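Bear in mind that the values here come from a model prediction, so they are computed numbers and not experimental data. Chain letters run A, B, ... following the sequence lines, proteins first and then strands; every chain starts at 1.
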2 protein chains.
Amino acid sequence: MTESSHRTTSRVLDIMELVAKHPSGLSLADISRSLGIPKSSLHPLVMTLSERKYLHYNNREERYYLGESLFVYGNKYINGIDLLEEIKAILLASNQASGETLYFGVLSGLDVLYLAKADLHSKFRVVSDPGNKLPAYSTGYGKALLSQFSRSQIESFYPAGTLASVTANTLKSVGELNDQLDVVRRTGFAYEKGESTDGIQCIGTTIVVDGEVLAGISLAVPQFRYTQEREQFFKQLLIDTKAKLERTIANHKDQWIYSGRQTE
Amino acid sequence: MTESSHRTTSRVLDIMELVAKHPSGLSLADISRSLGIPKSSLHPLVMTLSERKYLHYNNREERYYLGESLFVYGNKYINGIDLLEEIKAILLASNQASGETLYFGVLSGLDVLYLAKADLHSKFRVVSDPGNKLPAYSTGYGKALLSQFSRSQIESFYPAGTLASVTANTLKSVGELNDQLDVVRRTGFAYEKGESTDGIQCIGTTIVVDGEVLAGISLAVPQFRYTQEREQFFKQLLIDTKAKLERTIANHKDQWIYSGRQTE
DNA sequence: GTACGGCGTTCGTATATACGAACAAAAACG
DNA sequence: CGTTTTTGTTCGTATATACGAACGCCGTAC
């Protein structure tokens, strides 16, 4: 994979991602200023993106919003894959057994990407909807996924000062992270205490098929419902869920396309 | 809105949409042949799309697949909007009350775009996942949404021979469609019998706020569970769900961005 | 009222991109 | 085992795109 980069293509993607980051809308001039690209250069690109419904121009507010097309084609990434439907069903069963929210996701670079969520009764807004990304070190199953790497690898991933804070409780030193990862490597469980969402505790573990860490799951529990005795129940539930998922994924390994290894 | 179209931007979108349509992957040469664009022209675009994870190249199979980025940014279209969370909760309650699947979506051109699905116990694979599009005339709530237009408008939308078949039961003539739409205009209910998915019947109705048809909902029921007496129950459930949704959406009308009117 | 700032739009030319041909490498064919 | 047909890749120039400046429009300022 050679290092190239096509200017116009990069711009098209930059525009879409910028608008995606601003749900309250952006004017053409806003986009121009943010990206440092002349309005006149942006104009034809933005027009085409609008015609194809990747952007949506609101005449009244004179602002561009995200169009439906990204959503339509983006969902082809996960829709139609029967495997993910089965995964969701397994998560849902565990959700109903515990009343707590379960997440399923993969590592994307040094972030975790949520692919599925099983959440029936929860009234809490969580930042982790499918499609969202969070720094791996800030989440329960993110730590589980990181545990496949050695201490030195982790240190090379996170040079000094690269651990950005998500909440007040987010880990701040690589040493602390590595110490926690040691626990994961020994026990199989990763813990998180309000490091990605205030007031939410998580237990995470890995999904391993053929010796390869393919994905992670985690159980998210509001702090006030998290007791020592329930923790034992949660861990057993995770063990069961993990086993079911690993069996299912092994049976449909050909459908597993989410193997975006960041270390090539 | 002037009629322009930027070639490179169109190509970038064409590439993504083409790969999205082929879950089994495409080689660079495949893309070149399908789009009628030289490989050498495609090359830098595809490289950049891969670097940005909009595409994913599988070295072993020498094929391009959809990358995660489309999914990530596409979901920003619906995530973080509290309104949709509330809509999902309402649908879920009706799903639990009936045991049948509920859909919520909007009109996108002459297609219906599914935004949410409430489906707990169903073991049937349905073609209608969120993000999917289907011809409006082939679905229950698609017909409901079309009922806001006059007979002559409908006729202009569908010139002779434009009613493509989704299943064997899909409507074939505009006259038949218009006759059914008259029933919708009178009774408020739209019916569909296996016209988009074999063996599934639907009842649909509109979601109207401030006199404007904003969205539609439908209840999908397997034929063998669809009886005359249950139909009465379904219709009452739809009336209740419709009322709840209209009240909720009216309270958060500022969040309603899905107003992509196809007739500007 | 005039003047200023914001917006999206248009135009001509300097500039970057696109294309056909030719490339090596690997797989498929006979 | 050579031959044919794949694959992705590189290069020089013909070509389409990008940019700065100027435009018209609308609302606000003064």
Side-chain angles (χ1 to χ4, degrees), chain A residues 1-19 22-67 257 259-261 264, chain B residues 1-19 22-67 257 259-261 264:
Chain A
M1 178 99 67
T2 41
E3 271 297 323
S4 91
S5 120
H6 186 110
R7 190 173 68 166
T8 311
T9 304
S10 301
R11 288 181 171 183
V12 168
L13 305 182
D14 286 338
I15 294 168
M16 296 195 302
E17 294 179 13
L18 184 72
V19 176
H22 293 267
S24 49
L26 289 169
S27 69
L28 179 61
D30 288 334
I31 302 172
S32 169
R33 264 177 267 111
S34 296
L35 298 179
I37 302 170
K39 282 189 297 176
S40 56
S41 307
L42 247 32
H43 187 252
L45 312 196
V46 166
M47 290 299 290
T48 305
L49 285 170
S50 300
E51 282 170 24
R52 301 278 294 257
K53 297 196 180 183
Y54 284 78
L55 299 182
H56 173 71
Y57 188 68
N58 186 316
N59 295 74
R60 193 172 51 80
E61 307 186 2
E62 294 191 321
R63 286 218 188 86
Y64 286 94
Y65 295 87
L66 215 55
I257 57 163
S259 39
R261 304 200 60 75
E264 285 274 318
Chain B
M1 179 96 70
T2 42
E3 269 298 325
S4 91
S5 117
H6 186 132
R7 188 173 68 166
T8 311
T9 304
S10 300
R11 286 180 171 184
V12 169
L13 305 181
D14 286 338
I15 294 168
M16 296 196 302
E17 295 179 15
L18 183 71
V19 176
H22 294 267
S24 50
L26 289 168
S27 70
L28 179 62
D30 288 333
I31 301 172
S32 169
R33 264 177 267 110
S34 296
L35 299 179
I37 302 171
K39 281 189 297 175
S40 56
S41 308
L42 247 33
H43 188 252
L45 312 196
V46 167
M47 291 300 288
T48 305
L49 284 170
S50 301
E51 282 169 24
R52 301 280 293 259
K53 297 196 178 183
Y54 284 77
L55 299 181
H56 174 72
Y57 188 68
N58 186 316
N59 295 73
R60 196 172 48 81
E61 307 187 2
E62 294 190 321
R63 285 217 188 89
Y64 286 94
Y65 295 87
L66 215 54
I257 57 164
S259 38
R261 305 201 60 75
E264 284 275 317

Would you indicate, yes or no, if [N] has its OP1 or OP2 atom less than 4.0 angstrom from a side-chain nitrogen or oxygen of [X]?
X	N	answer
A/Arg7	C/dA16	no
B/His43	C/dA18	no
B/Arg33	D/dT6	no
B/Arg60	C/dA26	no
B/Arg11	C/dC19	yes
B/Ser27	D/dT6	no

- [ ] Specify the residue among A/Lys39 and A/Thr8 whose closest nucleotide of DNA chain C lies further upstream toward the 5′ end.
- [x]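 Between the two, 5'-proximity favours A/Lys39.
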
TODO: For A/Ala29 and for B/Ile37, locate the closest nucleotide of DNA chain C by heavy-atom distance; then report the residue assigned to the nucleotide nearer the 5' terminus.
DONE: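 Final value for this comparison: A/Ala29.
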
- [ ] Scan A/Glu62, A/Met47, A/Arg63 and name whichever one has a side-chain contact (heavy atoms from CB on, under 4.5 Å) with A/Tyr57.
- [x]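 In the set A/Glu62, A/Met47, A/Arg63, the residue that makes a side-chain contact (heavy atoms from CB on, under 4.5 Å) with A/Tyr57 is A/Glu62.
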
TODO: Quick one: label A/Arg63 by what it contacts on the DNA or RNA (base, sugar-phosphate, nothing), any heavy atom closer than 4.0 Å.
DONE: nothing

Open item on the list: What I want to find out is whether B/Arg7 reaches B/Asp14 closely enough, with some N-O distance under 4.0 Å, to be called a salt bridge.
Closed with: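 Salt bridge between B/Arg7 and B/Asp14, a charged N being under 4.0 Å from a carboxylate O: no.
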
TODO: Would you mind telling me which of D/dT9, C/dC19, D/dA21 lies closest to the side-chain atoms of B/Pro38?
DONE: C/dC19

